S.K.: 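Dumping the structure here so I can ask a few things about it.
Proteins come first, then strands; the chains are lettered A, B, ... in the order of their sequence lines, and each starts at number 1. Computed from a predicted structure; not experimentally measured.
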Number of protein chains: 2
Amino acid sequence: MADVAERAGVSTSTVSRTLRGLSTVSPEVRARVEQAARDLNFAVSRQAASLVTGRTGTVAVMVPTLNSWFMGSALSSLAPLLRAAGMQLNVYEIPDLAERTAFFEHLPARRNADALLVFSFDLTDEETARLDDLGMPVIYVSQHVEGRPSVYVDDVAGALHGTRHLLNLGHRRIAFVPTEGASGFTFSSNERLLGYRQALAEAGVPLDDDLVVSTRTGSKRAAAESLGALLSLREPPTAVFAEQDEVAVALIWNLRKTRIAVPERISVLGFDDQPLADWFDLSTVAQSPSEMGRLAGELALKLIDDSDGDHERHIVLPTHVIPRGTTAPVATRPAGQPERPEGPEESEAPGSPASA
Amino acid sequence: MADVAERAGVSTSTVSRTLRGLSTVSPEVRARVEQAARDLNFAVSRQAASLVTGRTGTVAVMVPTLNSWFMGSALSSLAPLLRAAGMQLNVYEIPDLAERTAFFEHLPARRNADALLVFSFDLTDEETARLDDLGMPVIYVSQHVEGRPSVYVDDVAGALHGTRHLLNLGHRRIAFVPTEGASGFTFSSNERLLGYRQALAEAGVPLDDDLVVSTRTGSKRAAAESLGALLSLREPPTAVFAEQDEVAVALIWNLRKTRIAVPERISVLGFDDQPLADWFDLSTVAQSPSEMGRLAGELALKLIDDSDGDHERHIVLPTHVIPRGTTAPVATRPAGQPERPEGPEESEAPGSPASA
DNA sequence: GTGAAAGCGCTAACAA
DNA sequence: TTGTTAGCGCTTTCAC
């Protein structure tokens, strides 16, 4: 910066003022300084600046993985927003328990970011408390933490509406397939289960715990097992509501393999509306992670600017039922009994794998 | 840090030494300092440290998007590696030309990172030159830049082997569907096209430019148009090699819709081996972005440590042909003429959408 | 509107 | 092995 100052024939203070866009610089001087900075290819060291301002110009995000549709979408909308605000984006990927322990032990974000966005973790109270005295705004995303800024989807309502969709199609035996929380985060399983139950209750359909069978995500095999449990019930379901699109698709995959027609014999509903859903023509409950990322980012910026300000601190996002080709009115005959001989089904959307 | 020093009854130098794990600290003092640091919940400010060391403890990555299988996988393997080395990960998402111009204008990574990983851009010589005097190691990933550290997949060989696979199945009319470079990056289209041509040449199959039809990625509609161009040729292809799995799947989707059996009437081969390929039972040429991320990260760390060292600076990763259900021997009759009446195909993997 | 000087929190050289 | 001191590059009073 000293070089720039010398070249422009001013003091470093003036250079600093100019480069930060303060208005207290005369136009001619400003021009000269900017030219000098450009000539010398100069960029301010945030490190040095932050030392005196106490701000790092960085927003940290803590994510369970970077390799998922959800995180990709969320971060994709977050990143440009931060850049536009002149902020850097720092990513902490915490894939397993060991990393998680280490993270909470050292809290590496401390003093190295102006705000922290925590994505999709089910934190213990102790961990939350630890984040509380991190000395920066902490925003919980895709989860809902009492008394802290949170941005999340209304999972209860989403599952409620999804289940109602199935009920409206005449289904009464509706299974729910939640995803087993692998490494301490559950993608809102509980809330979605709640919404499912609520819908059944309000429709006067008796709850049947046999119809709730959890599975692991992304595994065709695990889906097959869950499916087996459901299909071998005395009274099997006519519709299955999977807590995630991936699981829904795995179920469909297995159903097709078994030559059980979807949606004629059994309807399948997902949750997320990720691209896979479109490929498989899957009916689903849509949520928008990109919207979530955007709102979380905006909230973060507001809280950095003015952490005691009067901001909406609990932002709840809506969901939408997207009916596609895998949900249909319940067959008039009891499920499990074919309406007609097995064989090729009639034409259907090519995106949905057929049995034939 | 002064607080910690006081509490431990030592100087700040000793605290600094202890916290950096230097061996020149006596065990008792070390214990005392560590305890004090823990009590006070102290974390070193990287900002302040970097001011004097000249190192930021940060690796920056410049990516076109965060919302893709490729980037997700690559960053997912890169992030833990950096964390293990005590480095932060800084992400610059540059989705469009405007952002790109702004990025190269200001080079915000300058002085704010110890190394830069550039993913999947086709840079101009001017841009490359600009990165050259960034004052830090720049590693090009998923691309191949003359004279600079690069980590990339052998796209030519991949396409060569893929095409050979089709040739070995008896195909002679083999189409290639590259992806139009949307915003200045081409995902190695050219190299893959090269490999395709090479394979045909070595097999003595004449090149036919009508068999190369580009498309946009992720668009069913665009795929339909490309497909139309191919199917309306006087001598249509019996196999299509898509430059990306997504395109391959879109082609299959449209083929099924048109009731053209895959692979009986036409074989389809992809490139990438992303999860979608498995869902659609797509034969493909596999590459490993996670391996790429890992190697790029390791190279970055090496170059930060010792930028003139004798490191392998061009790392080329292999590809593997993964035959699945969408490639099969060419039909004995000329393509375009059905071998048997249209109708349900025999049983096939349920992952691949069937026409029936 | 601009400059001089102090100091942010740390590390590195040097001394002890 | 430990402490003292200087200074990294910037921003921010406070004068002018």
S.K.: Could you tell me the separation between the CD atom of A/E6 and the P atom of D/dG9, rounded to a whole number of Å?
M.R.: 15 Å

S.K.: Starting at CG of B/L22 and ending at P of C/dT11, how long is that distance when rounded to a whole Å?
M.R.: 9 Å

S.K.: Calculate, to the nearest 0.5 Å, the distance between atoms CG and CD belonging to B/D154 and B/Q287 respectively.
M.R.: 11.0 Å

S.K.: Using the side-chain heavy atoms of A/A48, tell me which of these nucleotides is nearest: C/dT11, D/dC10, C/dG9.
M.R.: D/dC10

S.K.: Specify the separation, in whole Å, of atom CD of A/Q47 and atom C1' of D/dT11.
M.R.: 15 Å

S.K.: Are a donor atom and an acceptor atom from the side chains of A/D155 and A/S188 found within less than 3.5 Å of each other?
M.R.: yes

S.K.: Quick one: label B/R111 by what it contacts on the DNA or RNA (base, sugar-phosphate, nothing), any heavy atom closer than 4.0 Å.
M.R.: sugar-phosphate

S.K.: Whether A/R46 contacts D/dG9 is assessed here as follows: a side-chain N or O lying under 4.0 Å from the phosphate OP1 or OP2. Is that the case?
M.R.: no

S.K.: As a test of reading the structure: which of D/dC10, C/dG1, C/dG9 is closest to the side chain of A/V44, going by heavy atoms?
M.R.: D/dC10

S.K.: Students often mix this up, so state it plainly: with edges at 30° and 60°, are the rings of B/H144 and B/Y152 parallel, tilted or perpendicular?
M.R.: parallel

S.K.: Identify whether the distance between the nearest side-chain nitrogen and carboxylate oxygen of A/R294 and A/E291 falls below 4.0 Å.
M.R.: yes

S.K.: Is A/T24 touching bases, backbone alone, or none of the nucleic acid, heavy atoms closer than 4.0 Å?
M.R.: base

S.K.: Walk me through whether A/V138 and A/R148 qualify under side-chain contact (heavy atoms from CB on, under 4.5 Å).
M.R.: CA-CA 8 Å; A/V138 176; A/R148 278 86 170 185; over 6 Å; no

S.K.: Can you list, by residue number, the residues of residues 49-57 of chain A that have a non-hydrogen atom closer than 4.0 angstrom to DNA chain D?
M.R.: A/A49, A/L51, A/V52, A/T53

S.K.: Within a 6.0 Å radius of atom CD on B/E6, are there more than 12 heavy atoms belonging to other residues, nucleotides or ligands?
M.R.: no

S.K.: Provide, to the nearest angstrom, the distance between the CE atom belonging to B/M1 and the C1' atom belonging to C/dT11.
M.R.: 8 Å

S.K.: Would you say the side chain of A/V145 lies within less than 4.5 Å of the side chain of A/V118, judging by non-hydrogen atoms?
M.R.: no

S.K.: Could you list by number each residue of residues 8-20 of chain B showing a heavy-atom separation from DNA chain D of less than 4.0 Å, or answer none if no residue does?
M.R.: B/V10, B/S11, B/S13, B/T14, B/R17

S.K.: Could you work out, with salt bridge (charged side-chain N to carboxylate O under 4.0 Å, His left out) as the rule, every residue matching A/D3, not counting sequence neighbours?
M.R.: none

S.K.: Got B/E93 and A/L75 here, is their nearest side-chain heavy-atom distance under 4.5 Å?
M.R.: no

S.K.: Separation of A/R32 atom CZ from C/dT2 atom P, in whole Å?
M.R.: 8 Å

